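Contents: one structure, followed by commentary.
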Amino acid sequence: ELYLMTGNDREGHENRAWVFYNLGDLNRRLQRHEQAAAFFESALQTEVMIHGGVGLNSVGTLDSLAHTFEARKDYPAAIAHYEQLLSLLDGAVNEKGRYFKLNVANVHGDLADLYIAQAYASGPGIDDKTRRKVWQETMKAIHIWEDVLKSDPEALDQKYQETVDKLQRRVMPGTPMSEYNTSYLPKLEEIRVRQQTLLNDAMSPPERLPIGPPNPGNDPAITAQLAAEGPGYVLFDRRTERAYGRRELVNLIRAVAAEWNKRHPDLKLVVADLSLRGGGPFARHGSDHQDGREVDIWPVTNNGQPEPTNTYAPNYSRELTTELVNLIRQTNPAAVVYLDDPPLVDAGLVHATHDHNNYMHVLLP
């Protein structure tokens, strides 16, 4: 019905492309892959007519086509579409941001997986030519991950580990390490070395140090309670026994939240993990949050929702988080904020650690 309503102009063509794409997506969800591929092809042809060729506007359609052919186990067609997709993405990767680059790395990884799947579908193992292709696409993905994830060693380590597991399990199963080195396939040990170097670097002491000796509890100075909700804020954990702190910390939270409420009345701050009443060991936090001078606050999102995010997530607002950090520092200049967001670290607004990209750790020395 929507298709029949479209006009024969540019807007109508764009609406037709949208209809074709969604019909393709619906058929793919129903596992009607042949129909899905036909609709995606129609969407692609319409996009070509609109834009005069296949370009970045067709990235989603090409990706969906490739996945559809993969689901049909038509690996040559899936590979052809992925190679076409990468010819577009690789040409623009240096001009785009972090998330575009990560998606390009994922496509390189997906293409390597397709080479492997095609090889196993046609025979008992993988020949040298396929191994070479897999290695080339894998290293392209690794180079992007090393560039984009250099400030997030945990995420990069996970990518290394996934790559090592895949190469050992699917590309060279049962092959002795001594045979990994050929004229075109460097030793798998190269990736292991990259991973170990990363881990060694990550083990350097973070800047965040304990604020003092362990607090045994029953400290009469740690009795100021923060209500479960107030102007500009809401507690993530509403258990009142975990929302105590020293008076100066609770006053800081209330003052910052009140000012934030004036600026952004529809977007509450999410406050988490103060201290226990009277201090003492704080579960799952090691030596943190024992002394009533530490609190975690979630970074701010860009969609108006007080929801989880991290410094690499699409819903993260660096602009609003920067505003919040500045507000904390202005309210109490003694406050120290830890957050693993490289631009904010470079600007001297926050301190870096290796484990704080999904919440800010705020303390009063």
Side-chain angles (χ1 to χ4, degrees), residues 10 13-14 16-18 20-22 24-25 28 36-37 39-71 74-119 129-152 155-156 159-160 162-163 166-167 171 184-186 190-191 194 311-314 316 318 342-343:
R10 182 183 178 88
H13 295 158
E14 290 176 346
R16 289 180 186 179
W18 182 86
F20 283 138
Y21 181 88
N22 280 276
D25 186 55
R28 188 176 64 177
F39 280 119
F40 285 135
E41 289 282 9
S42 295
L44 184 62
Q45 292 171 9
T46 307
E47 291 165 358
V48 170
M49 179 178 64
I50 296 171
H51 303 290
V54 178
L56 293 178
N57 294 298
S58 298
V59 164
T61 307
L62 282 171
D63 184 65
S64 295
L65 258 174
H67 280 298
T68 302
F69 285 123
E70 181 182 5
D74 186 350
Y75 298 118
I79 288 171
H81 282 87
Y82 263 127
E83 290 175 341
Q84 182 182 13
L85 177 59
L86 281 170
S87 69
L88 298 173
L89 297 177
D90 286 339
V93 70
N94 292 328
E95 305 168 7
K96 300 292 183 176
R98 179 188 304 272
Y99 297 106
F100 184 92
K101 293 178 179 179
L102 286 175
N103 285 329
V104 176
N106 291 337
V107 176
H108 280 293
D110 289 342
L111 182 55
D113 290 340
L114 277 175
Y115 287 141
I116 296 170
Q118 183 184 39
K129 182 179 180 180
T130 300
R131 286 178 177 173
R132 181 179 182 181
K133 289 182 178 180
V134 170
W135 178 261
Q136 289 173 339
E137 297 304 321
T138 298
M139 291 309 297
K140 289 176 182 177
I142 284 178
H143 289 149
I144 295 175
W145 290 327
E146 288 178 333
D147 174 48
V148 177
L149 300 177
K150 55 190 174 185
S151 59
D152 188 354
L156 182 54
K159 293 296 185 183
Y160 280 139
E162 290 172 355
T163 302
K166 178 173 67 176
L167 292 177
V171 180
Y184 54 81
L185 182 61
E190 177 181 338
I191 300 179
R194 289 170 181 259
T311 55
Y312 302 101
Y316 171 61
R318 179 169 290 115

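Quantities reported herein were computed from a predicted structural model and do not represent experimental measurements.
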Nearest 0.5 angstrom please: His51 NE2 to Leu56 CG, how far?
10.5 Å
Tell me, do His143 and Lys140 make a side-chain contact under 4.5 Å, heavy atoms counted?
no
Pair Trp135-Met139, side-chain contact (heavy atoms from CB on, under 4.5 Å): steps then yes or no:
CA-CA 6 Å; Trp135 178 261; Met139 291 309 297; 3.4 Å; yes
Hey, does Phe20 have a side-chain heavy atom less than 4.5 Å from the side chain of Leu44?
no
The reported gap from OH in Tyr82 to CD in Glu70 (rounded to nearest 0.5 angstrom) is 6.0 Å
Quick note, salt bridge (charged side-chain N to carboxylate O under 4.0 Å, His left out) partners involving residues 42-53, not counting sequence neighbours, are none
Identify, with sequence neighbours excluded, every residue that meets ring pair (Phe, Tyr, Trp, His ring centres under 6.0 Å) alongside Tyr316.
none
Could you pull out the closest heavy-atom pair between Val134 and Ala112, with the gap in Å?
CG2-O, 3.8 Å
For the atom pair CG (Asp74) and NE2 (His81), what is the distance rounded to the nearest 0.5 Å?
9.5 Å
Please report the closest heavy-atom contact between Val54 and Leu62, naming both atoms and the distance.
CG1-CD1, 3.8 Å
Sorted by first residue and then second, give each salt bridge (charged side-chain N to carboxylate O under 4.0 Å, His left out) pair with at least one member in residues 104-118; sequence neighbours left out.
Asp113-Lys166
Contact summary for Ala105 and Trp145, nearest pair of heavy atoms
CB-NE1, 3.3 Å
For the residue pair Leu85 and Val59, establish whether any side-chain heavy-atom pair is separated by less than 4.5 Å.
yes
Of all heavy-atom pairs linking Gly109 and Ala141, the shortest is N-CB, 4.3 Å
Set of salt bridge (Lys or Arg N to Asp or Glu O under 4.0 Å) partners for Glu162, sequence neighbours left out:
none
Strictly distance-based, threshold 3.5 Å: is any side-chain N or O of Asp25 a donor or acceptor partner for the main-chain N or O of Tyr21?
no
How far apart are the closest heavy atoms of Ala36 and Thr68, and which atoms are they?
CB-CG2, 4.0 Å
My understanding is that only residues two or more places apart in sequence, or in another chain, count here; which of them pass side-chain contact (heavy atoms from CB on, under 4.5 Å) with Ile79?
Glu83, Leu111, Leu114, Tyr115, Gln118
How long is the span from the CD1 atom in Ile116 to the OG1 atom in Thr138, to the nearest 0.5 Å?
6.5 Å
Is the shortest side-chain heavy-atom distance between Leu65 and Glu41 below 4.5 Å?
yes
Ala78 versus Phe69, closest heavy-atom pair with distance
N-CB, 3.7 Å
Verify, without hydrogens or angle tests, whether Ser87 (side chain) and Gln84 (backbone) share a donor-acceptor contact under 3.5 angstrom.
yes
In Å and rounded to the nearest 0.5 Å, what is the NE2 to CG distance from His108 to Asp90?
3.5 Å
OG1-CZ distance between Thr130 and Arg132, expressed to the nearest 0.5 angstrom
12.0 Å
Apply ring pair (Phe, Tyr, Trp, His ring centres under 6.0 Å) to Tyr75 and list each qualifying residue two or more places apart in sequence or on a separate chain.
none
